[in-house]
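Pasting in a structure now, in structure tokens, and then I'll have a few things to ask.
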Amino acid sequence: MPELPEVETMVRGLQPLRNLTIESLGRYRCSRKPISIRPTVATIRRRLVGRQLLSISRLAKRVVLEFSSGDRLVFEPRMTGLLLSSDPPTTAHLRFFITFLGAPHQFWFWDRRGLGTITAFSNSQWQLFMTSKKLGPDALAITADSLQTRLQPSRRPIKVVLMDQQYIAGIGNLYASEILFRANIDPRRQCESLGNEEWQTVSNAIIEVLQDAIAHEGSTLSDGTYRNALNQNGSYQNQHCVYARSDKRCRECQQTDIVRIVQNQRATFYCPVCQV
DNA sequence: CATATGTCCTGAGAGC
DNA sequence: TGCTCTCAGGACATAT
């Protein structure tokens with residue numbers, strides 16, 4: 001599931017496409033229910049064909065292509081979406097393609113479940129989107145002070161709030177559990193119960209876990225869905241301490257098994273000895 | 001306003 | 001073996 005580290009890895013892998021000019025784009029023939037592409041493929045084609053790709057960047061868990069015209073094309077991978085500049089894992093789930101003038105580079109949007117979205121913005125639409133969208137600060141740019149100021153007032157459990165993109169952007173279900181393990185904080189703790197030093201610890205854990213995961217090019221889970229732009233697996237799954245490790249011995253304390261609970265209809269994993 | 005729940009989707013795996 | 005059922009969770013819409 002692409003969260004911040006996986007999306008960051010995609011963005012880094014797509015940098016060779018920078019400065020190329022779009023030759024064509026469109027839906028890939030796919031017998032499945034079409035994914036959401038807005039406003040329409042025809043409109044996107046009219047706006048973007050012939051435009052030069054200025055930058056490929058990350059906005060929380062989205063990939064943003066910015067063009068010389070100020071237009072942006074935004075990809076939300078959500079659960080199973082991938083952006084690829086190589087041959088896809090299977091052609092069955094290809095959803096969208098871009099070709100570039102005089103360049104051999106490929107660009108595919110591949111999505112097994114089809115929950116991902118593609119949205120085009122003009123420059124003014126983008127400015128409106130960025131001001132109306134209540135997106136919290138990027139998790140990689142967080143400080144202990146800003147984290148505490150934003151999250152402490154909530155009465156919800158810390159794990160649930162870490163996943164709320166309006167409070168802090170980029171953390172999903174997998175990394176929320178790993179971060180709280182690193183911070184030795186029980187995921188059920190209400191935000192208002194954390195003290196200054198604990199917010200500092202959580203802040204440090206956010207940066208450490210996410211940077212470590214980026215260094216390992218993200219997590220490819222047992223379903224094998226996530227891959228980088230070159231269709232290669234990440235390796236951070238081998239470093240997981242709690243996620244999907246229920247009933248396995250805690251790697252840190254070696255005293256007890258990892259526990260799985262459900263919070264807001266999401267699986268949470270933690271060590272009842274290490275995390276208090 | 002803050003918080004909770006329902007919705008979309010496919011394929012792996014469990015259970016019979 | 002082959003069917004049916006449950007589950008996984010991103011973001012958003014709707015409900016409380």
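Letters go in sequence order (proteins before strands), and every chain restarts at 1.
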**Prompt:** Just checking A/M1: base, sugar-phosphate only, or nothing, at a heavy-atom cut-off of under 4.0 Å?
**Reply:**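 If one applies the 4.0 Å heavy-atom cut-off, A/M1 turns out to touch the sugar-phosphate alone, with no base involved.
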
**Message:** Could you tell me if A/S24 and A/T99 have a donor-acceptor pair between their side chains, going purely by distance under 3.5 Å?
**Reply:**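 Result is yes, a qualifying pair exists.
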
**Request:** Could you grab the distance from atom CD1 of A/I207 to atom CZ of A/R182, nearest 0.5 Å is fine?
**Result:**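 One gets 11.5 Å once the value is rounded to the nearest 0.5 Å.
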
**Shortest non-hydrogen contact from A/P2 toward A/R78** =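 In terms of heavy atoms, the two residues are closest at CD-O, 3.1 Å.
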
**Request:** Write down the distance between CZ (A/R113) and P (C/dA11), rounded to a whole number of angstrom.
**Result:**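 It works out to 14 Å between those atoms.
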
**Request:** Give, for atom CD of A/E66 and atom CZ of A/R51, the distance between the pair rounded to the nearest 0.5 Å.
**Result:**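 Rounded to the nearest 0.5 Å, the CD-CZ separation comes to 12.5 Å.
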
**Item:** Interatomic distance, A/N264 CG vs C/dG10 C1' [rounded to whole Å]
**Value:**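 Whole-Å distance recorded here is 14 Å.
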
**Asked** Does the ring centre of A/W108 sit less than 6.0 Å away from the ring centre of A/F96?
**Response**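 Here the rings of A/W108 and A/F96 have centres that are no less than 6.0 Å from each other.
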
**Prompt:** What integer distance in Å separates A/Q263:CD from C/dG9:P?
**Reply:**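 Rounding to the nearest Å, CD of A/Q263 and P of C/dG9 are 12 Å apart.
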
**Item:** Gap between atoms CD1 and P, on A/I35 and C/dA11 respectively (whole Å)
**Value:**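 About 16 Å, once rounded to whole Å.
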
**Prompt:** Can you check the A/E3 CD to C/dG9 P distance for me, whole Å?
**Reply:**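 For the pair A/E3 CD and C/dG9 P, the rounded distance is 10 Å.
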
**Message:** One thing to verify: whether A/R249 and A/D257 come together as a salt bridge, which I'm taking to mean a side-chain N less than 4.0 angstrom from a carboxylate O.
**Reply:**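 Salt bridge present between A/D257 and A/R249.
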
**Prompt:** Taking the inter-plane angle between the rings of A/F109 and A/F75 on a 0 to 90° scale, is it parallel (under 30°), tilted (30 to 60°) or perpendicular (over 60°)?
**Reply:**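 The arrangement is tilted - the two ring planes meet at 30° to 60°.
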
Short N/O separations, protein against nucleotides 5-7 of chain C, under 3.5 angstrom:
none

**Request:** Let me know, please, whether A/V262 or A/K61 comes out on the 5' side of the other along DNA chain C by nearest nucleotide.
**Result:**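 It is A/V262, whose closest nucleotide lies nearer the 5' terminus.
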
**Prompt:** Taking DNA chain C as the partner, which of residues 145-176 of chain A come within under 4.0 angstrom of it by heavy atom?
**Reply:**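 Of all residues in residues 145-176 of chain A, the ones placing a heavy atom under 4.0 Å from DNA chain C are A/M163, A/Q165, A/G172, A/N173.
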
**Ring-ring centroid check A/F97 A/Y28, cutoff 6.0 Å** =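 No, ring centres 6.0 Å or more apart.
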
**Asked** Separation of A/Y226 atom OH from C/dG9 atom P, in whole Å?
**Response**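 Going from A/Y226 (OH) to C/dG9 (P), I get 18 Å.
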
**Asked** What distance separates A/T220 OG1 from A/N228 CG, expressed to the nearest 0.5 Å?
**Response**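 That separation rounds to 8.0 Å.
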
**Message:** Can you confirm whether or not the ring centre of A/F67 sits under 6.0 Å from the ring centre of A/F121?
**Reply:**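 Ring centres of A/F121 and A/F67 not closer than 6.0 Å.
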
**Message:** For the backbone of A/D186 and the side chain of A/Q275, can you confirm whether one donor and one acceptor N or O come within less than 3.5 Å of each other?
**Reply:**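 Judged by distance alone, no pair lies under 3.5 Å.
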
**Prompt:** Could you give the start and end, 5' to 3', of the contact zone on DNA chain B for chain A, using atoms under 4.0 Å from its heavy atoms?
**Reply:**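 Listing 5' to 3', DNA chain B meets chain A from B/dT3 to B/dG11.
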
**Item:** Short side-chain N/O contact to C/dC12 OP1/OP2 from A/K133, under 4.0 Å
**Value:**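 So the side chain of A/K133 is within the cut-off, an N or O lying under 4.0 Å from OP1 or OP2 of C/dC12.
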
